[in-house]
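Here is the naming used below: chain letters follow the sequence lines, and residue numbers restart at 1 for every chain.
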There are 2 protein chains.
Amino acid sequence: MAGRAAVPEVIWTRPERTGRGPKPAFTRADIAAAAVRLADAQGLDGVSMRHVAAELGCGTMSLYNYVPRKEDLYELMVDAVGGEHELWEPGGDWRADMRRVAYQTRAAMHRHPWLPRLMSPVYGFSPNALRYLEHCMACMDPFDAPYGTKLELLGMLNGCVTTYVSTELSTTERARSLPWSEEQENAVRIAYLGSQVASGAYPRLAAAFMEDAGPIDMEAVFDRMLDRVLDGFEPRSEGSGNQ
Amino acid sequence: MAGRAAVPEVIWTRPERTGRGPKPAFTRADIAAAAVRLADAQGLDGVSMRHVAAELGCGTMSLYNYVPRKEDLYELMVDAVGGEHELWEPGGDWRADMRRVAYQTRAAMHRHPWLPRLMSPVYGFSPNALRYLEHCMACMDPFDAPYGTKLELLGMLNGCVTTYVSTELSTTERARSLPWSEEQENAVRIAYLGSQVASGAYPRLAAAFMEDAGPIDMEAVFDRMLDRVLDGFEPRSEGSGNQ
DNA sequence: TCCTAGTTACGTACAGCGTACGTAGTGCGC
DNA sequence: GCGCACTACGTACGCTGTACGTAACTAGGA
């Protein structure tokens, strides 16, 4: 009687199965998997309630029996990918362990290029997110700091990895929704950048443009970034090679 | 004759005004300002071609004379906010200058909470983005490092600030599109988190939950984060106070 | 045992979106 | 002054999320 919309719902508090009625045709895992499959194949914009329903082989509105709002579908997707994280027995070297975590996160984002766009702290309470969190905390057991600091480290690491991979993927992912190719777009933008820089208004950018020391090793850049983040929390390090 | 869709267009290469025809009723700045006004007032989802056109007082499709695709409207918005950055004569202390840049970015995101969602490296070539870039480079003149390293620093700083502010704003911004209040949603999520943690499956999270050393000073957290990023690029520092 | 209430399934419908297209009017360059 | 490129914008299409109504189904309480 009190309007159904007025009470907040978090999908994880909803029981997946209640007593009454016909048994559901799908599990949440089925639905998440279907959505992830679709997003991997067609990009995040390919994930519509209709498409996911079709992928599952049911009517569009039937999906709403499982997922009250589309955003909850997103939450299921993020949680499903979180379940792909393989956890291990931390080895005592927390920096090495956290690097491994970061590499896994990056790999997951490469497998699922739509993931960075969905990364949000509000999804941090899903079952797999909690498992992941606990695991990271276990990795940091040897790191003598308050939990608050460890959470800051984790937030910063995830933030950096997310924006890093976003940059890695941005041109490629963007091309998916454009009527022209990625290379064409890049060429036009670079040409424009060149023309602007050549105007003389941006001497340092011009210099940076000239510098251009060969091809960029993205792997090395990522590595350096991790070092820098970790260094910020434990300054003493044995020559992590700041060039 | 060669399909118009096949050739890439970057809005900045389009001349704002060509010779022929009646004079345009609006400038790009007008349009960007209208869109920004709308986004500030109603959130990014309030920015539709129809709404922006209405805000400007013209027909929906007239907008397409100025902005070929909606994404270009976004690019105009980001550029407009980039124009709000106040630039100054760098003072020689590049760390202090970069901190000031970061604080300005954060302030801009607080003024325009939709900005983090639109932050994308592909918008990095707009006129105001170039001015901003050049200014940051000028700030880093005293920092003896190759331009590549300076760009890495800038990318990392911007990434951290963006994700940091996203976190700051996430619950508030999210509430805009929900049928219930932010506080209600938080309460439900926290309650769920508590019940999960109380299950005993996540001992370290439970401990972290217990620790809870009083209210969090977001300002101090932001400050520490900046220090850590900068420390990662210049390890030697005179007691920047790690915790 | 049957009844009933809660659940699943899903077709229809609506408001809103981005934008392709066609038409009418306008003013600069030749 | 002719023509063409430009502005202006109404209409229309396909898509979206989802509210609502109806029919089938089944577990729990009497």
Side-chain angles (χ1 to χ4, degrees), chain A residues 1 3-6 9 11 14-28 30-31 34-35 38-39 42-77 174 176-180, chain B residues 1 3-6 9 11 14-28 30-31 34-35 38-39 42-77 174 176-180:
Chain A
M1 188 174 289
R4 91 188 59 173
E9 263 192 313
I11 192 157
R14 264 195 165 205
E16 178 155 7
R17 178 77 181 100
T18 61
R20 304 287 185 89
K23 63 169 65 170
F26 317 105
T27 66
R28 257 174 214 165
D30 292 334
I31 294 170
L38 255 171
Q42 309 181 27
L44 194 54
D45 295 339
V47 178
S48 71
M49 297 303 272
R50 278 169 242 262
H51 287 166
V52 173
E55 176 83 12
L56 287 166
C58 71
T60 305
M61 294 313 290
S62 306
L63 247 191
Y64 282 90
N65 288 319
Y66 302 87
V67 172
R69 306 174 314 118
K70 187 181 182 193
E71 182 146 5
D72 293 304
L73 182 61
Y74 287 151
E75 192 155 355
L76 287 186
M77 293 170 68
R174 205 180 128 75
R176 205 192 282 274
S177 64
L178 291 179
W180 49 75
Chain B
M1 188 174 288
R4 92 186 61 169
E9 264 192 311
I11 192 156
R14 266 195 165 206
E16 179 154 6
R17 179 77 182 97
T18 61
R20 304 286 184 91
K23 63 168 67 171
F26 318 104
T27 66
R28 259 175 213 164
D30 293 334
I31 294 169
L38 255 171
Q42 310 182 27
L44 193 55
D45 296 339
V47 177
S48 71
M49 297 302 273
R50 279 170 241 262
H51 287 165
V52 174
E55 176 84 12
L56 286 167
C58 71
T60 304
M61 294 314 289
S62 304
L63 248 191
Y64 282 89
N65 287 320
Y66 302 87
V67 172
R69 306 174 316 116
K70 186 181 181 190
E71 181 145 4
D72 294 304
L73 182 61
Y74 286 153
E75 193 155 354
L76 287 186
M77 292 170 69
R174 207 180 125 76
R176 207 192 280 274
S177 64
L178 290 179
W180 49 72

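Residues B:Tyr64 and B:Arg20 both approach DNA chain C. Their nearest nucleotides, taken by heavy-atom distance, put B:Tyr64 toward the 5′ side.
One atom, CE of A:Met61, and another, C1' of D:dT16, lie 12 Å apart when rounded to the nearest Å. Atom NZ in B:Lys70 sits about 16 Å away from atom P in D:dT16, given to the nearest Å. At whole-Å resolution of the value, CZ in A:Phe26 and C1' in C:dC10 are 12 Å apart. Rounded to a whole Å, the CZ atom of A:Arg14 is 11 Å from the C1' atom of C:dT7. Taking atom OH of residue B:Tyr74 and atom P of nucleotide C:dC17, one finds them 11 Å apart after rounding to whole Å. Taking atom CZ of residue A:Arg69 and atom C1' of nucleotide D:dT18, one finds them 12 Å apart after rounding to whole Å. If you measure from atom CG of B:Leu56 to atom P of D:dA8, you get 11 Å, rounded to the nearest angstrom. Here the P atom of nucleotide D:dA24 and the CG atom of A:Asn65 are 17 Å apart, to the nearest Å.
For B:His51, a side-chain nitrogen or oxygen approaches OP1 or OP2 of C:dC17 to under 4.0 Å. A sub-4.0 Å separation between OP1 or OP2 of D:dC9 and a side-chain N or O of B:Thr60 is absent.
Contacts of B:Tyr66 with the nucleic acid, taken as non-hydrogen atoms under 4.0 Å apart, involve only primed sugar atoms and P, OP1 or OP2. Among the protein residues, A:Ser62 comes within range of the nucleic acid bases, having at least one heavy atom under 4.0 Å from a base atom. A:Ala25 comes within contact range of the sugar-phosphate backbone alone, with a heavy-atom separation under 4.0 Å but no base atom that close.
Pairing each heavy atom of A:Ala53 with each of A:Leu63, the nearest pair is N-CD1, 3.9 Å. Closest heavy-atom contact between B:Ala34 and B:Glu55: CB-CG, 3.7 Å.
The CZ atom of A:Arg50 sits 9.0 Å away from the CE atom of A:Met61 when rounded to the nearest 0.5 Å.
Nearest to the side-chain atoms of A:Pro24 among the listed nucleotides D:dA8, C:dT8, C:dG27 stands C:dT8. With distances taken from any side-chain atom of A:Ser48 to the nucleotides D:dT16, C:dT8, D:dA19, the minimum falls on D:dT16.
Below the 3.5 angstrom threshold, one finds a donor paired with an acceptor across the side chain of A:Arg50 and the base of D:dG17.
A donor atom on one side chain and an acceptor atom on the other are not found under 3.5 Å apart for A:Ser62 and A:Asn65.
In summary, of the residues considered (B:Arg28, B:Glu71, B:Arg69), a side-chain contact (heavy atoms from CB on, under 4.5 Å) with B:Ile11 occurs for B:Arg28 alone.
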